[in-house]
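The structure appears right after this line, and notes come after that.
Computed over heavy atoms, backbone and side chain alike; hydrogens, waters and symmetry mates excluded.
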Amino acid sequence: MKILIAEDDFTSRKYVIKLLSEYGECDVTVNGLEAIEAFVMAVEEEAPYDLVCLDVMMPKVDGLRVLKYIREKEEEMGLDKEKRVKVIITTALAEEDINYKTFTEESEVFLSKPMEKSKLHEVIKKFGLI
Amino acid sequence: MVTNKKIDNFFYNAVKSTGDGIIFIDLKGKIIFINNAAEKLTGWDEEEAIGKDLFEVFKTINLITQKDYSISLESILDEGNIEGLRKGVALQTYDGREIIISASISPMLGDDDIIQGGVIVFREITRIVKYEEQLKRLSTIIEQSTALTILWDLNGNIIYSNIKSARIMEYEPAEIENCTIYDLEKNGVVNKQIIDVFNNTKEGLEWRGETLLKKKNGDIITAYIRAFPIRNENQKIISSAFIVEDITKAKKMERDLKRMTDNMQDLICIVDINGSIQYLSPSNNRVLEISTEKRISNKVYEFIHPDDLRPFQCLCEECLNGADGVKREVRLLKGNSSYIWTEILANRLFDDYGKISGVILVAREIEKRKKAEAELKSAKEAAESANKAKSEFLANMSHEIRTPLNGVIGMTKLTLLTDLSNEQRENLEIAKTCADSLLGVINSILDLSKIEAGKMNLEKIEFDFYELINKTLKIHYFSSKNKGLKLQSSISNNIPRLLIGDSNRLQQVLNNLIGNAVKFTETGEINIYVTEGLIEQNRIRIEFSIIDTGIGISEDEIKNLFKSFSQADSSTTRKYGGTGLGLVISKQIVEMMGGDLELKSEKGKGSKFNFSIVLDYQNEKKEEYQSINKVNTFDVNANTKILVVEDDITNQKIITNILKQKGYESETAENGLAALKMFEKGKYDLILMDIHMPVMDGIEATQKIREKEKHTETHVPIIAVTACVFEEQKEKFLMAGMDGYIAKPLEFRKVYDIIEQFIFKIKIEDKNDIVSSNMSAINYRTKDEIQNNLITDYKIILDKLEIAIKNNNMSSIETLAQNLKDKAAEEEKNNLKNIAFKLLLTARNGNIEVIKDLFKTIEQQNI
């Protein structure tokens, strides 16, 4: 499984790498811009990611904008809905501060920080990645 | 029958006693007779006057020129003419008075019609002349008066009118000269009312009032007319007089004014000096719901809320004393029982003689404002109490958070002391860093809530100002050194060494400001200036400037900077971390210390923080600070002797070895007591002190050493070497007089760091009275150093990469991959860029096998 991680905070990054490394090979980016760059590169090399884990609050380009970009790009490519990349959105904000309705698509899931290992496992299972 | 003689006598007496003055003269002009009246008028006695020239006695002068006025006697005596006196000629009496007379001088004919002499007949007419003058003046006034004055005879014919009369009505005087009042009515100039008034005056009735008149061009004017009868001496009415004033303009103004006052929102009230209402504007009906009539001539006090009477009286008094435009808020009676809030403005009112006749009050309803004010006040109170509650809650909460957090930190540290795999150690160190920074945030919140809840009290303890500054600078020296920044300071030595105040809080402020300066400055220098401000008997103002060459702050952002939880902009938090509370707290502390904190900054150029505080000092100790010149002179380059106090032999060996490697000289003591003895004998630059020891522990030993130092006025840095690093214990160490602590097990670098931190050079430049602390250069490598060097050559990058990969140094690999990627992108080598990017993405998760594969691919790229 090819995984893309975007997380600016060092500690959180270490944590999420640790959790996700169990499922596959992780490419790690530290801001939204880099994440988009990595996503595009993977698409161009025809080795797209299976899972993207985005932090919401990041410098330069935030996670939600990265998500928007990814979806637009997929639209452009004429990708079927079920073939779209699965995305996990994470944030340290309190749960009530996040509008869940933003992530209605089946390919998008919100997990608050710190991610629980069991929940993450459930999500990846639900995504059909394992 | 009457004889001639008798007749002569009769005429003589008649002439002698007649009321007019009579003088007879002969043909030579000499007086031959003067009667009683003439004697009286001229003031001459008969005996004196007889035989004198006429004009000596009957001395006439021109009133205007004051020169003699003489009449030609020849004309009378020779030619038989009768002469009179001209106007303006007066008789000067014997005693010099001037009286106005009328006189005739005629020849006296004898029986043969031959002139025998002259007769002068004269009488005083002073009063008549005065009446004439008066009359003339009055008529002039009437002629010139703007008021139209008409005198009618009883038939309505105009007997007299001033020229203006016609002009006011735009008639030529000639046009109305022959009109009767009835003609004027016919023409529509006057109305029926005027005819009635005229008829009434004929009956003896006076009238005054307003009426309308029509001008020749048809315009209507408003006139104020006074009509009254004129009687002759017998009280018989002989004519009727009308005085007519054109008050059209005044009327219009009055109308406009009335309309204005009638439609005003404000109440206007005129009160006389007794407090009686003379006028109330109609707006009163609307605002106070009581008819104006009902209020007029009532006392104004009756309508004022009893509680506001006093302020109202003050208002009136102030106003009457000459303060126009004074205002007060007063409640006025509305309807029968309720009151409304008004703001009353008072101005004086004057009568025709300029005497104060009363007060004009203008009342404006401010019910809404009052309500809003009350709401605002209660809202403010609510907010304040909520804020206080919040602060108290925070204060309590922070404590509750701190306790378990300390547990986390302590336990993490303890675990760090056990055998751990590299990964475990790394993870725990990250956890500890996070916990430390959380503790910092919580401490800030605690401070702020303490300040807001008014619970922060400043201590008043004597402290060594120079030591405080040096201690503070030391803390920031290494972090600035690591970033390649120059940290310089200059302190005026006019500041007493020993000051009284809260040194901890002052240090907190300095730490915050200097820390910020270091944090936000990438290149350049940070300068700290400390100078004395105003020095009083026992108080001194000290001014601090902290100037950096950092990122700076724009003017708009400065405003937000001192607000709680605000950094210059929210992205700053992500880049630099921190809560943004430090500045708020610093500002509050500085203000509590009697000063102010201000910031001048220019985006991209740097920032300058200025603040001043007021501290006490004891005057008699002043000479002490002179000795500053001899205090604390460390020199790293000289041989440095360190005393190691440690009961465990193995540990003793480890420490001495560590010190030896860096070239420090050291001696050892096996417990506190031994250390104390060695301290008395030898001279040490620093003491590393174990805490738990037999005989005498490290705390006690430190206290004893500090005790002794009091006599010698020295201070040797003592560093606690301990496994227990709880915050509370750290405080305990510092309380005992220790300068710092270092955790066991000892790491080489940390030992060197802390020693170098405390052994640094303070150089005193006596010449310019400036103490500048100059940190000595210490060879200190950082992992970021590589990053700072711009690597441009692929070969160098690849060589370094190879080494980094061999050493499994992920952070170096990451940095180098980034360099490689940037360079490839710059040269549009897309393939290389992508591989470098992959290397970068992989380096962060530490997958060394993938990295090695990628590196091979790069090597094959043939660059």
Side-chain angles (χ1 to χ4, degrees), chain A residues 1-49 51-63 65-66 91-93 97 113-114, chain B residues 408 412 421-438 441 567 569-578 783-784 810-811 813-815 817-818 821-822 824-825 830-851 853-854 857:
Chain A
M1 193 196 301
K2 266 193 86 180
I3 303 168
L4 176 64
I5 295 169
E7 167 64 73
D8 62 320
D9 179 60
F10 178 76
T11 315
S12 305
R13 199 157 65 224
K14 283 271 168 202
Y15 181 76
V16 78
I17 291 169
K18 204 142 276 178
L19 288 188
L20 284 169
S21 288
E22 287 188 20
Y23 297 95
E25 193 185 309
C26 295
D27 282 352
V28 186
T29 59
V30 296
N31 60 55
L33 212 59
E34 231 181 50
I36 289 173
E37 204 180 341
F39 177 81
V40 171
M41 185 173 75
V43 167
E44 279 170 1
E45 292 185 351
E46 290 175 355
Y49 292 107
L51 178 67
V52 178
C53 181
L54 294 170
D55 179 35
V56 174
M57 276 174 48
M58 281 190 297
K60 290 184 184 167
V61 178
D62 70 36
R65 280 179 62 194
V66 174
T91 176
L93 291 174
D97 293 336
K113 283 187 191 175
Chain B
V408 172
T412 313
S421 73
N422 275 345
E423 192 186 350
Q424 283 170 334
R425 184 169 298 282
E426 194 192 339
N427 290 350
L428 270 183
E429 268 166 7
I430 294 169
K432 195 183 153 286
T433 312
C434 291
D436 283 342
S437 91
L438 180 56
V441 172
Q567 278 181 334
D569 78 79
S570 49
S571 67
T572 313
T573 314
R574 265 174 253 144
K575 193 169 174 195
Y576 296 100
K783 67 174 181 181
D784 298 331
M810 289 301 160
S811 64
I813 298 170
E814 190 183 330
T815 311
Q818 182 80 57
K821 182 192 163 216
D822 291 347
N830 253 333
N831 208 13
L832 180 64
K833 191 200 90 182
N834 282 350
I835 303 169
F837 190 30
K838 277 180 199 160
L839 189 65
L840 175 67
L841 298 177
T842 315
R844 292 191 184 123
N845 73 22
N847 193 335
I848 194 73
E849 295 311 317
V850 179
I851 290 170
D853 286 347
L854 284 168
T857 325

Q.
Distance check, rounded to the nearest 0.5 Å: N427(B) atom CG versus K18(A) atom NZ?
A. 3.5 Å
**Q.** Contacting region of Y15(A) [heavy-atom separation from chain B under 4.5 Å]
**A.** neither
Q. Hey, which of R13(A), E37(A), K14(A) has the most heavy atom pairs under 4.5 Å with chain B?
A. E37(A)
Q. With respect to chain B, which residue among S21(A), A42(A), C26(A) yields the maximal number of heavy-atom pairs within a distance under 4.5 Å?
A. C26(A)
(Q) Would you say CD of E25(A) has more than 12 non-hydrogen atoms from neighbouring residues, nucleotides or ligands within 6.0 angstrom? (A) no
(Q) Restricting to non-hydrogen atoms, name the atom on V28(A) and the atom on R844(B) that form the minimum distance, rounded to 0.1 Å. (A) O-NH1, 2.5 Å
Q | Test: E45(A) and K838(B) ion pair at under 4.0 Å | A | yes
Q.
Is any side-chain heavy atom of D27(A) closer than 4.5 Å to one of F837(B)?
A. no
Q: Drop me the distance from N845(B)'s CG to L20(A)'s CG, to the nearest 0.5 angstrom.
A: 10.5 Å
Q. When you look at K833(B) and M41(A), which way does the side chain to side chain contact (heavy atoms under 4.5 Å, CB included) test go after all the steps?
A. CA-CA 10 Å; K833(B) 191 200 90 182; M41(A) 185 173 75; over 6 Å; no
